[in-house]
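Down below is the structure, laid out as structure tokens.
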Amino acid sequence: MQPGATQEQIKDVEERILHFGFEIHPIYGVERTVIAAVGAPELDRSEAKEQLESLNYVESVTLVLKPYKFVSRKFRDRTVIPLGDVEIGGDTCVIMAGPCTVESEQQILEAAQAVKAAGAHILRGGAYKPSTSPYSFHGMGIKGLELLATARDATGLKVITEVMDPRNVEQVCEFADILQIGTRNMQNYDLLREVGRAKKPVMLKRGMWAQYEEWLQAAEYIWIGGNEQIILCERGVRTFETYTRNTLDLNAVPAIKELSHLPIMIDPSHGTGRASLVPSMCKAALAAGADGLMVEVHPNPAKAIKDGAQSLTQAAFHQLVDELKVLADALGRTI
Ligand code: PEP
Ligand code: MN
């Protein structure tokens, strides 16, 4: 309560809390009163919080319980998602690699073969591309999905690709092994509900502005929609730094492991925006305990339609995976 709140005001708040279904445990101080609300009524706590905070005699309302439940570490210790021969969230650090965007049959086939030869487990490639500018290339769409399926048939690699529109979820599910939700759509709740109904694993990228709690609440949407196969991916957040495209928040790896049972991937390509920084940040992510890495690799980064500056050449990627294997060995993990 605000200092100096009157008896009637305190009583009013107590009655409201009782009305929500909680028990009250007040501490009446000389200067101010604190009222603990105990119990677990089936109600949206943040709505109750908002209502109480709108009273000018309430100073603040603090939620003690987390606003997510099923994706929380308290609910489960660890989630492992099986996908063919790979497991996401198991002991192996899973590597997803490929171009930002599917550009042509030759490009995606060449990239797929190269990343497979280097040791990647999953092929990435965008068919529907979100873009800050409405004038940019927005992907090949259905043709891009077909080319990803061709690359899967040719290499045996599983495929991950982004879905942006709730109306396309069914279509993307026909081609993809994992659905990717991009940073810009982390809080697109209609889309989250729709992929919640899908039968494919979903990789939820962190919004570039989002706090861990908001990210986990977004994951909770997918879970309560009925889809428990959720993978989180940190891809960098906006800060004041301009040398890098984003600031890769590696705190997210151990922090998410404390808060949630879901696997966490790291995307140092978008996290740095610079190919020269990607190998170091991959190693740091592996050392921090990431369940996997997502890396952009292009047959010819200088000619890439999108994200060439942050894309590794195939040779650089091959060398990176070799170095990661040595590091994994030292860490008691596998690639
Ligand atoms: C991508 O993976 O190419 C992409 C667009 O990622 P993000 O949503 O993290 O920007
Ligand atoms: Mn990209």
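All values derive from a computational prediction rather than experimental measurement. In listed order, ligands and their atoms are each counted from 1.
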**Report entry** Contact atoms of ligand 1, heavy-atom distance to R235 under 4.0 Å
**Finding:** 7 (P), 9 (O), 10 (O)
Requested in this report: Do me a favour and list the nearest non-hydrogen protein atom to atom 4 (C) of ligand 1 with residue, atom name and distance?
Outcome: H270 NE2, 3.4 Å
**Report entry** Residues D177 and R152 bridged, charged N to O under 4.0 Å
**Finding:** yes
Requested in this report: Evaluate salt bridge (Lys or Arg N to Asp or Glu O under 4.0 Å) for K283 paired with D322, printing each intermediate quantity in order.
Outcome: CA-CA 11 Å; K283 291 170 197 166; D322 287 346; over 6 Å; no
Query raised in the report: Can a salt bridge be assigned to the pair K325 and D329 using a cut-off of 4.0 Å between side-chain N and carboxylate O?
Result: no
Query raised in the report: Under the 3.5 angstrom rule, does the side chain of S136 hit a backbone N or O of T132 as a donor-acceptor pair?
Result: no
Query raised in the report: So, R197 and E170, do they make that salt bridge, N to O below 4.0 Å?
Result: no
Requested in this report: Decide if atom NZ of K257 counts as having more than 12 heavy atoms of other residues, nucleotides or ligands within a radius under 6.0 Å.
Outcome: yes
Query raised in the report: Taking both backbone and side-chain atoms of E162, is any N or O found less than 3.5 Å from an N or O belonging to ligand 1?
Result: no
Query raised in the report: Any N or O on D267 sitting closer than 3.5 Å to an N or O of ligand 1?
Result: no
Query raised in the report: Which residue, E103, K306, Q314, forms the side chain to side chain donor-acceptor pair (under 3.5 Å) with H298?
Result: E103
Query - Proximal ligand 1 atoms for G182, defined as those under 4.0 Å from one of its heavy atoms - result: 8 (O)
**Report entry** Non-hydrogen atom of R184 closer than 4.0 Å to ligand 1
**Finding:** yes
Requested in this report: Examine the proximity of ligand 1 to M208 and report which part, side chain or backbone, both or neither, has a heavy atom under 4.0 Å away.
Outcome: neither
Query raised in the report: Would you call R206 and D249 a salt bridge, using N to O less than 4.0 angstrom?
Result: yes
Query raised in the report: Taking distance alone, with no angle check, do E296 and ligand 1 share an N/O pair under 3.5 Å?
Result: yes
Query raised in the report: With respect to D307, which candidate in R235, R245, K129, R274 satisfies the salt bridge (charged side-chain N to carboxylate O under 4.0 Å, His left out) definition?
Result: R245
Query - Ligand-side contact atoms (ligand 1) for residue partner C100, heavy atom cut-off under 4.0 Å - result: 3 (O)
Report task. For the Mn ion (ligand 2), find the closest N/O/S atom belonging to D307 and write down its atom name. Result -> OD2
Query raised in the report: Angle subtended at the Mn ion (ligand 2) by NE2 of H270 and OE2 of E296, to 10 degrees?
Result: 90°
Query raised in the report: For ligand 1, which atoms, with element, lie under 4.0 Å from some heavy atom of Q180?
Result: 1 (C), 2 (O)
Query raised in the report: With respect to atom 3 (O) of ligand 1, which of M96, K205, K129, R206 exhibits the smallest heavy-atom separation?
Result: K129
Query raised in the report: Given that the side chain starts at C-beta and the backbone is N, CA, C, O, which of these parts of R124 lies under 4.0 Å from ligand 1, counting heavy atoms, or is it both or neither?
Result: side chain
Requested in this report: Can you pull out the closest protein heavy atom to atom 8 (O) of ligand 1? Residue, atom name and distance to 0.1 Å, please.
Outcome: T183 N, 2.8 Å
Report task. Evaluate the ring planes of W223 and F70, with Trp represented by its six-membered ring, and classify them as parallel (under 30°), tilted (30 to 60°) or perpendicular (over 60°). Result -> parallel
